[in-house]
Amino acid sequence: MREITYADAIREAMSEEMRRDSRVIFIGEDIGVYGGAFGVSRGMLEEFGETRVRDTPISEAVIVGAAAGAAMTGLRPIAELMFSDFITLAMDQLVNQAAKNRFQFGSQGAIPLVIRTPAGSGTGAAAQHSQSLEAWVCHVPGLKVVIPSTPYDAKGLLKAAVRDNNPVLFFEQKLLYRTKGEVPEPELSEDHIIPLGKADIKRSGHDLTIISYGRMVQESLKAAEKLAGIGIDTEVLDIRTLVPMDRQAVIASAKKTGRVLIVHEAVKTGGFGGEIVSTIADSEAFFYLDAPIKRLCGLDVPIPYNPGLEAGVVPSSAAIYTSALELMEQRQLMQGAT
Amino acid sequence: MREITYADAIREAMSEEMRRDSRVIFIGEDIGVYGGAFGVSRGMLEEFGETRVRDTPISEAVIVGAAAGAAMTGLRPIAELMFSDFITLAMDQLVNQAAKNRFQFGSQGAIPLVIRTPAGSGTGAAAQHSQSLEAWVCHVPGLKVVIPSTPYDAKGLLKAAVRDNNPVLFFEQKLLYRTKGEVPEPELSEDHIIPLGKADIKRSGHDLTIISYGRMVQESLKAAEKLAGIGIDTEVLDIRTLVPMDRQAVIASAKKTGRVLIVHEAVKTGGFGGEIVSTIADSEAFFYLDAPIKRLCGLDVPIPYNPGLEAGVVPSSAAIYTSALELMEQRQLMQGAT
Amino acid sequence: MAVSDTVLLELYRKMQQTRFFEETAAHLFSLGKVHGTAHFCIGEEASGIGVGHALKNEDYILQTHRGHGQAIGKGMDMKRMMAEFLGKETGCCKGYGGCMHIADFSVGSLGANGIVGGGLSLAVGAALTQQYLGKNNVTVCFFGDGATNQGIFHESLNLASVWKLPVIFVCTNNLYGMSTHVSKAMNITDIAVRAASYNMKGISLDGNDVITIYKETLQARDYVLQHGPMLMVLNTYRWMGHSKSDAQLYRTKEEVDEWKNRDPIKQLRKTLLEERHIPVKKIEEIDQEAEIDVEQALAFAEQSPEPRLDSILADVYAD
Amino acid sequence: MAVSDTVLLELYRKMQQTRFFEETAAHLFSLGKVHGTAHFCIGEEASGIGVGHALKNEDYILQTHRGHGQAIGKGMDMKRMMAEFLGKETGCCKGYGGCMHIADFSVGSLGANGIVGGGLSLAVGAALTQQYLGKNNVTVCFFGDGATNQGIFHESLNLASVWKLPVIFVCTNNLYGMSTHVSKAMNITDIAVRAASYNMKGISLDGNDVITIYKETLQARDYVLQHGPMLMVLNTYRWMGHSKSDAQLYRTKEEVDEWKNRDPIKQLRKTLLEERHIPVKKIEEIDQEAEIDVEQALAFAEQSPEPRLDSILADVYAD
Ligand SMILES: Cc1ncc(C[n+]2csc(CCOP(=O)(O)OP(=O)(O)O)c2C)c(N)n1
Ligand SMILES: Cc1ncc(C[n+]2csc(CCOP(=O)(O)OP(=O)(O)O)c2C)c(N)n1
Ligand SMILES: [Mg+2]
Ligand SMILES: [Mg+2]
């Protein structure tokens, strides 16, 4: 397979779906000539023209609301929010309109809508441009939520999201945009659809499970590599789709290893990690646990500007490694206690 | 002690704080002549006049933003959002401004701001007027979050919130507004301050802990009563303040009973229950657990209009009773397994 | 432009249906047969009916919380509306939405919104679909005076204007947002001036004059298809409280009475009798029919089954 | 109204300081000494300086992401600004905020905002405090042309108008919001017309004429204290890309060059020399001093320590 970047994979997914289905349109701020703040849509205006690649004013609420209205009436819009921090400006449209309109109208129609938006810290953009807010939208029935960790997944999941008949929040990881990975040749793309709701074992192991998503999967894989060096065999489960979540996969892996570390960049308190912990703690996997279920997450602070601080407040492969070791030790403690 | 309603308790708290401190002002939609959608502020306009009790246009974003700006410059505003569903319209002001401005400006100043807002279902108001969205704001460093379950707590916590130097989200429970409870006489009110961050054991017990907040505490107490009838001794822990959460109290109770049921009205997926579960699952209490940690929460659906459906999608004392029984049985299962 | 007697009689019929529908609904409340709340448009019927009746079936509307007249104007079935009000499975929203979320896609109603201003951005999207697919249809977005102070009003009118979308923005100005008089919510007296911020045409009409509203809407349809959006402000008044729990301390009985004298239904009735020389019998016939329609709607609703809890989980997501 | 030579020279100095500050900052970027991004106001200095210099210390300002000139205009210390830009502990935000969040409450700067339009509602609140406490002070809210399409623009101007708050809403219209030309973002050419929606005074000025801006701001101060808010649009142009990563495909070099000919600093220099007959030596002295100020700011910043991770947790909540 060829290697392309995460950003390219996203552009390919959008472009292929737009070629396939003329109902798919793309709206957002500076997505046309500018190609999006992160260059993801560069060239799309040239191919699809201004009726399908539509620059908007700086008006996040109506971007999402209009996309929802268009979706209710037969189009299949992809809307881009330039930074995921800006979903704050469109929460009514997302939560009270897009997520609920089908249900509250007695399941009339459908709202096939994708909201793509870059998330995460690491770019020196400080507190209002660096958040990981996925937990909020996971708490809203009617929405689906996807966060890919590789170019392969990004492409396959985005194509699936565009074909889904529900509003899907698609969080992209800024720091992964330029990373490369294997993705099937364009000729094989039609089949490269990754169903929403399927987790993926990115690395199989027996001693310990790390459950994560997005960029932290990459950090976890690095940590797992290092752990292997000292004889700890780590499984890395990428849940990929937060809603619907692949409960089976989570429970199965927890049963298999008996020790679980959950890693995400979002701040810990109220983060999606709690949902994963709870899924395990109230399942048959509970009876197989050899140690407490641990979360390693962003500190409960707004993301600071200074690069050292910024890196320091979110998990790194080194911190994951350390937490994993702690978890392994806790097992021994417990065995001692028994 | 005299008995007053939850709504009265809130009005008293606001009024007393406004008498005490002229910097406290009150802004919101229809809070003046109308007295608020639920009548909470009836009579306050008459006492405090239009400069301190300020009706606004229907503009939730600027209500919260202006309150934050006033708080940054020396006032101590209480802002009311008529329904908590409308925080969707003010999320930028709340999350990117009120919660972050102190921190991102290098901890300059303070933002003493209370946002009061009624939450919950049960009034036949359907999907856009019945949500329990507290989990979102718990996930935002810089905010504090309070949900009282009794008139006593409502008064003491609101007074503490008004005196706090940080933005506090104060979720009121619509269905509790007309319920009565003991509250200290007005002469003793100056001392009736309940510090934020302290949980309260609303009923002490040994067999099982129910951890809850808001209206569900009342449902849990009813269930506990019934459980007592069949010899199950239930502890009901009201966490009251979600942020900061009283971790010690949660862990202590879980250790004491070894069985934990978490109950909230908000939909389960991504709810604050996950935070409570995770707190226990990654603490020493883990080693004392006799059964999986269970959550009983709202179903993952928007709140439907039909009264039967509406009641059916959130926990009731009957459902809590059943879940508690299940949890007790699971213990036996487990003992059997050992 | 002349409006035929037939059309006038239909406008009259729909206004009467609306009035009876709401009076019946209010009565159900007083009997305690309905939980929740409702917002009645009695006194404002000309706005929903005059606009809606001028539209084509494929045109879209987005209603407000005070939307019974808007729905009936667009041709929605009162049976299914009443069943929805009673939360029944046969309701237009299966009993999930209630009267704040009345919707029927089959007649072009994309739903009533419980969020003040909530329909505005959806309307922009619906009109985008119409424009993109080359349809010769328009979208009407209803909202109140209070909604024009929401940020989304500004964003929606601006975007619709930039994209020249076929939207008629219809503001039913009844002088109050809940208890708040327009003068306490904005510093202008004619809401139509707000159109200028978007270089948009804006007109203000007597919101109790259904014939004018009907005619202007026909013209507005053509206008927005050619030139992009416009704002139409209909100045009227609500007779009843904001919702069922309103003590109405914010206004005087005199003010209400004054507006009751300008009843849009009575006005049209007068025109029918005095200018169109329609026999009073014919009009009374319509009155009776309208009443019967509402009675039948109620009977239908009352006999309908309750929706079932076990099926709702499957209705959250589309396949 | 006559503006003294002294004031003009101060305006000149502050504009030069701003220009040198940003040129230095841009250079640091090219050296890879700064991570993150920055938004430069080169070419637009007259707007931040002309407005800010007309204010009193107790007046408040809320800046934009393109706010260096706004901050310097209000009298902020460049040392602490540069240290913030480098993320140092001595920075005005302790290194937590960066140049998008420059703030210094001691000179009345309530902070720059990374959210387009984010300062608007805060400004309303700040002015409410001033009014409530009976202060004789005003709040200035800076924002760009792009921000006027945000819902919060509408809500904020409306509420400020209803409550007659002492806010000067200053729109720096540089013709683009990132890559989007105003003509693609709104259907009007003069942004000041939007004031009419709030029955508010709105004026449009040459945004490169610092003297006019200064004078008009002095008058606006008096006006808003008496009559409530107004909108002041300053029409100007940004010379550099939107941020460091902008290929500028959306505009022509000719357009940029045309505006460079209208350099606000050169214009003032010309006035100083030709109309005020200030000796060129005096002006060059100021140029040098401004440059030295920036060099000293840089030295201060570079020598300052990094902030420490272990203290930030305590800074999230106030006691
Ligand atoms: C976003 C939002 N804010 C507040 C409310 C509560 N509310 C419901 S209707 C209403 C008044 C609306 O006024 P207007 O837009 O003039 O419509 P009217 O009720 O007069 O028809 C209010 C404040 C709401 N439903 N949604
Ligand atoms: C809410 C929000 N949307 C989008 C952005 C990304 N963004 C930053 S600056 C900018 C352009 C702002 O344009 P304008 O208001 O005219 O100010 P200018 O940059 O021209 O000074 C955009 C789109 C943002 N920071 N915040
Ligand atoms: Mg109204
Ligand atoms: Mg601009």
Side-chain angles (χ1 to χ4, degrees), chain A residues 22-23 25 27 50-52 54-77 79 89-90 92-113 140-144 164-168 196-197 243-244, chain C residues 60 62 80 84 89 91-98 100-106 109-115 117-133 135 139 141 150-152 154-160 162-163 165 307 311-319:
Chain A
S22 69
R23 294 168 306 172
I25 60 165
I27 75 174
E50 287 197 344
T51 41
R52 297 188 68 194
R54 305 179 76 102
D55 274 343
T56 67
I58 307 173
S59 308
E60 285 79 11
V62 76
I63 290 172
V64 173
M72 286 170 68
T73 48
L75 302 188
R76 306 183 70 84
L89 293 141
D92 173 58
Q93 284 65 34
L94 201 57
V95 171
N96 290 328
Q97 313 300 337
K100 296 188 175 45
N101 276 349
R102 180 186 138 78
F103 178 86
Q104 74 191 0
F105 299 155
S107 56
Q108 288 183 70
I111 307 184
L113 164 64
V140 181
L143 302 179
K144 297 187 175 182
D164 198 283
N165 282 326
N166 297 283
V168 180
L196 306 189
V243 176
Chain C
Y60 293 126
L62 290 109
R80 301 189 58 222
E84 189 57 35
E89 197 179 38
C92 54
C93 307
K94 296 189 187 177
Y96 300 173
M100 206 153 48
H101 299 296
I102 296 275
D104 184 350
F105 288 20
S106 71
S109 154
L110 298 177
N113 218 299
I115 299 294
L120 282 153
S121 63
L122 301 172
V124 173
L128 175 60
T129 301
Q130 292 169 324
Q131 184 192 68
Y132 184 83
L133 299 180
K135 296 256 162 99
T139 297
C141 185
Q150 287 282 24
I152 196 67
H154 180 65
E155 295 191 14
S156 299
L157 270 72
N158 187 53
L159 185 61
V162 172
W163 286 354
L165 299 176
S311 56
I312 73 168
L313 277 173
D315 277 337
V316 180
Y317 291 93
D319 290 332

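Quick note on labels: first sequence line is chain A, next is B, and so on, each numbered from 1. What you see below is based on every heavy atom in this structure, not just the backbone, and it leaves out hydrogens, waters and symmetry mates.
- Interface remark: C/E84 contributes no atoms to any contact with chain A (heavy atom separation under 4.5 Å).
- Two residues are said to be in side-chain contact when any heavy atoms from C-beta on lie closer than 4.5 Å; C/L128 and A/T73 fail this criterion.
- Heavy-atom pairs under 4.5 Å with chain C peak, among A/S22, A/A68, A/P167, at A/S22.
- In this structure, A/T51 and C/Y132 approach most closely via the heavy-atom pair O-CE1, 3.8 Å.
- The structure places CG of A/L143 at 6.0 Å from OH of C/Y317, a figure rounded to the nearest 0.5 Å.
- Counting heavy-atom pairs closer than 4.5 Å to chain A, the top-ranked of the candidates C/A103, C/A123, C/P307 is C/A103.
- Looking at C/L110 and A/F105, their side chains never come closer than 4.5 Å, going by heavy atoms from C-beta outward.
- Rounded to the nearest 0.5 Å, atoms CZ (C/F105) and CE (A/M72) are 4.0 Å apart.
- Closest heavy-atom contact between A/G65 and C/S121: CA-OG, 3.2 Å.
- By the 4.5 Å heavy-atom criterion applied to side chains, A/N101 and C/L122 are counted as neighbours.
- Taking the salt bridge (charged side-chain N to carboxylate O under 4.0 Å, His left out) definition, one finds that A/R76 meets it with nothing, sequence neighbours left out.
- The distance from atom CD1 of A/I58 to atom CG of C/N158, rounded to the nearest 0.5 Å, is 11.0 Å.
- Minimum heavy-atom separation, C/V316 to A/G142: CG1-N, 3.6 Å.
- Using a 4.5 Å cut-off between heavy atoms, A/I27 touches chain C through its side chain atoms alone.
- Within the model, atoms CG of C/N113 and NZ of A/K100 stand 11.5 Å from one another, a figure rounded to the nearest 0.5 Å.
- In terms of modelled atom types and a separation under 3.5 Å, the side chain of C/D315 and the main chain of A/F103 share no donor-acceptor contact.
- The structure places CH2 of C/W163 at 9.0 Å from CG of A/D55, a figure rounded to the nearest 0.5 Å.
- With a 4.5 Å cut-off on side-chain heavy atoms, A/P57 and C/L159 count as touching.
- Interface summary for chain C: among A/E60, A/R52, A/R54, the most heavy-atom pairs under 4.5 angstrom belong to A/R54.
- By number of non-hydrogen pairs under 4.5 angstrom with chain A, the leading residue of C/H101, C/K94, C/M100 is C/H101.
- When each of C/S156, C/G97, C/A160, C/A126 is checked for heavy-atom pairs under 4.5 Å with chain A, C/A126 comes out on top.
- Not counting sequence neighbours, the partners of A/R23 by the salt bridge (charged side-chain N to carboxylate O under 4.0 Å, His left out) test are A/D21.
- The closest donor-acceptor contact from the side chain of A/Q97 to the backbone of C/I115 lies at 3.5 Å or more, if one exists at all.
- Here A/L89 contributes atom CG and C/E155 contributes atom CD; the two are 8.0 Å apart, rounded to the nearest 0.5 Å.
- Between chain A and the options C/L133, C/V162, C/T129, the largest number of non-hydrogen pairs under 4.5 Å is found for C/T129.
- Proximity to chain C involves both the backbone and the side chain of A/Q108, based on heavy atoms less than 4.5 angstrom apart.
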